Amino acid sequence: MESKKLVIFQANLEEYGVSVEYVVSIEKLDKVTPIPDMPRYMKGLMKVRDELIPVLDTRQILFHDQTELTDKSRVIVVQTTDLSAALLVEDAKEILDVQKDTIKPLSLIAANGSNYISGMVNLDKRLIAVIDPGKLVNGLREIGEIKEEMQKQLAEVSE
């Protein structure tokens, strides 16, 4: 039976998973440099392996509330088709191996408002929403401005 590895993280006391195929690394939150006039969900830029990456607050994106920073706070660096991004999470809990047949699609009604959730994993005492980071990032309002800002930053660094 085929399985899929998911990085499980917590936001607003709920569990979410991102397929490891999108995950570049999981890092402790380091110095974040704020960028003026960016959306609330963007905390700023962080240097990860000599690359500037936007830090996006998952709790702000999902629940319109800021992530409280603790010793457990992490960033999950993901690669989408057009952008590397660091997803700020309350806790990156584990890498979970789930059978593909345990990932169930959302019903059409539930999927309308959250097309970035590609399915739900229903385990004994856990319900985990599987997030497609490409759809999550590309569905954000003002993401074009962030991509533009990233291009400017990259141009300045390479000069």
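Throughout, numbering of the chain's residues begins at 1 and tracks the sequence. What you are looking at is a predicted structure, and each value in this text was computed from that prediction instead of being measured.
Atoms CG and OG1, on Asp91 and Thr67 in that order, are 11.5 Å from each other to the nearest 0.5 Å. Atoms NZ and OG1, on Lys104 and Thr102 in that order, are 7.0 Å from each other to the nearest 0.5 Å. Interatomic distance, CD of Gln10 versus NZ of Lys93, reported as 5.0 Å (0.5 Å rounding). With rounding to the nearest 0.5 Å, the separation of CG in Asp101 from NZ in Lys4 is 13.0 Å. Interatomic distance, Ile53 CD1 to Leu83 CG, rounded to the nearest 0.5 Å: 8.5 Å. The distance from the CZ atom of Phe9 to the CD atom of Glu15 is 10.5 Å, given to the nearest 0.5 Å.
When all heavy atoms of Gly119 and Ile103 are compared, the closest pair comes out as CA-CG2, 4.1 Å. Nearest heavy-atom pair across Ser73 and Leu69 is OG-CA, 3.3 Å. The two residues Val78 and Val18 come nearest to each other via the heavy atoms CG1-CG1, 4.3 Å. The heavy-atom pair separating Gly17 from Leu6 by the smallest distance is CA-CB, 4.5 Å. Across all their heavy atoms, Pro54 and Ser84 have their closest contact at CD-O, 3.3 Å. Taking every heavy atom of both residues into account, Ala11 and Leu62 meet most closely at CB-CD1, 4.3 Å.
Cluster annotation: Leu136 and Ile26 are assigned to the same hydrophobic cluster (Ile/Leu/Val/Met/Phe/Trp/Tyr, side-chain heavy-atom contacts under 4.5 Å, transitive). The hydrophobic cluster containing Phe63 also contains Leu140, counting ILVMFWY residues as joined when their side-chain heavy atoms lie under 4.5 angstrom apart, directly or transitively. Placement of Val130 and Ile61 in two distinct hydrophobic clusters is found when ILVMFWY residues are connected by side-chain heavy-atom separations under 4.5 Å, directly or transitively. Using a 4.5 Å cut-off between side-chain heavy atoms of Ile, Leu, Val, Met, Phe, Trp and Tyr, with links allowed through other members, Leu123 and Met120 fall into different hydrophobic clusters. Residues Leu127 and Leu13 do not share a hydrophobic cluster, clusters being chains of Ile/Leu/Val/Met/Phe/Trp/Tyr side chains in contact below 4.5 Å.
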Listed pairs under 3.5 Å, donor-acceptor, residues 27-49 side chains, sequence neighbours left out:
| residue | atom | partner | partner atom | Å |
| --- | --- | --- | --- | --- |
| Glu27 | OE2 | Ser25 | OG | 2.7 |
| Tyr41 | OH | Arg141 | O | 2.5 |

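By the salt bridge (charged side-chain N to carboxylate O under 4.0 Å, His left out) test, Arg59 is found to be paired with Asp65, Glu90, residues two or more places apart in sequence or in another chain being considered. Taking the salt bridge (charged side-chain N to carboxylate O under 4.0 Å, His left out) definition, one finds that Lys72 meets it with nothing, sequence neighbours left out.
A salt bridge is defined here as a Lys NZ or Arg NE, NH1 or NH2 lying under 4.0 Å from an Asp or Glu carboxylate O, and Glu94 with Arg126 meets this definition.
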With side-chain hydrogen bond (donor to acceptor under 3.5 Å, both in side chains) as the criterion, how do Ser118 and Asp132 come out once you've worked through the C-alpha distance, each side chain's angles and the decisive distance to 0.1 Å? CA-CA 6 Å; Ser118 59; Asp132 178 328; 5.9 Å; no
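A 4.5 Å side-chain heavy-atom check between Val20 and Ile95 finds at least one atom pair inside the cut-off. Within the 4.5 Å cutoff, the side chain of Thr80 has no heavy atoms near those of the Tyr22 side chain. Annotation: side chain of Leu87 is not in contact with side chain of Val75 (no heavy-atom distance under 4.5 Å). Residues Val89 and Tyr16 are not in side-chain contact: their nearest non-hydrogen atoms beyond the backbone lie 4.5 Å or more apart.
For Glu21, the CD atom is densely surrounded, since the number of other residues' heavy atoms within 6.0 Å is greater than 12. Remark: Asp71 CG is loosely packed, at most 12 non-hydrogen atoms of other residues, nucleotides or ligands lying under 6.0 Å away.
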